[in-house]
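One structure is given below, encoded as structure tokens.
Positions are given from 1, in the same order as the sequence printed here. Quick caveat, the model's predicted, so the values are computed rather than measured.
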Amino acid sequence: MTEQTLRTAMAEYGDTVYRLALCRTQSIPDAEDVYQDVFLALLRQQAEGWEAGRMKAWLIRTTLNRCTDLHRFRLRRPVLALADLPETAAEADSGAAELWDAVAHLPEKLRVPIHLYYAEGYSTEEIAGLLDIPAATVRTRLRRARKRLKDLLGGDDHEEERLSEFDGAYLSLIHISEPTRLRCIS
């Protein structure tokens, strides 16, 4: 792989790799290590001529695998949780900060599909392929994660509207406070 191709991949997909690594590891230093490892692995690949979709999928799969490897290693060592870290960037929207803080408290098997679906824009079928699980399982995990988020953020049943994914999108309104509502739209 050429240096220019690597630079282009880092510019185009670097944020995706980093956010996914941070979502999985919940540790900034670990996410940075995963980011570096993934792009070093890409440098060693024969990725010339890969279409954009294949490269992005490869990067996400490699990120997930590297995070799993790191998790196995970290099981033997204590890890500082993301919630215990000082804020690194001020969020412009306090509702979004509250929502993503709640997402950070979800179990990993619910947190990763939420991140891939809402932050990265993948369909449930694509997520299923990335995680090697059935698409129905992804939809179930998304539904469970939304329910948990609603419970964590104090939403009411009558405030939630949903459209079927087969109608084109999920729309979930999560009640944050009386004057502010945060929408998660695919």
Scanning both residues in full, the closest heavy-atom pair of Pro113 with Glu108 reads CD-O, 4.2 Å

On a heavy-atom basis, the closest approach of Lys56 and Glu120 is NZ-O, 4.1 Å

With a 3.5 Å distance limit and no angle check, can you tell me whether Thr62 reaches the backbone of Trp58 through a side-chain donor-acceptor pair? yes

Between Ala9 and Met55, the two heavy atoms sitting closest are CB-SD, 3.5 Å

Shortest non-hydrogen pair, Ala21 vs Cys67, comes out as CA-SG, 3.8 Å

_Please check this pair: side chain of Glu98 against backbone of Leu153, looking for a donor-acceptor N/O pair closer than 3.5 Å._
no

Q: Decide yes or no on side-chain contact (heavy atoms from CB on, under 4.5 Å) for Lys150 and Arg146, but give the supporting numbers first.
A: CA-CA 6 Å; Lys150 184 178 80 171; Arg146 284 188 208 102; over 6 Å; no

Rounding to 0.5 Å, atoms CD1 (Ile133) and OG1 (Thr124) come to a distance of 10.0 Å

Residue set satisfying ring-ring contact (aromatic ring centres under 6.0 Å, His included) with Tyr35, at least two apart, ordered chain then number -> Phe39

The side-chain hydrogen bond (donor to acceptor under 3.5 Å, both in side chains) partners of Arg148 (sequence neighbours excluded) come to none

Does CZ in Arg144 sit with more than 12 non-hydrogen atoms of other residues, nucleotides or ligands closer than 6.0 Å? no

Rounded to the nearest 0.5 angstrom, the CD1-CG distance for Ile127 and Asp132 is 13.0 Å

Note: Val103 and Leu149 closest approach over all heavy atoms is N-CD2, 3.7 Å

Should Thr68 and Arg24 count as side-chain neighbours, where that means a heavy-atom distance under 4.5 Å?
yes

Output for pair (Leu116 CG, Ile60 CD1), nearest 0.5 Å, gives 6.0 Å

With Leu42 as partner, the option from Leu59, Asp37, Thr5 fulfilling side-chain contact (heavy atoms from CB on, under 4.5 Å) is Leu59

Nearest heavy-atom contact between Cys23 and Arg111 is O-NE, 2.7 Å

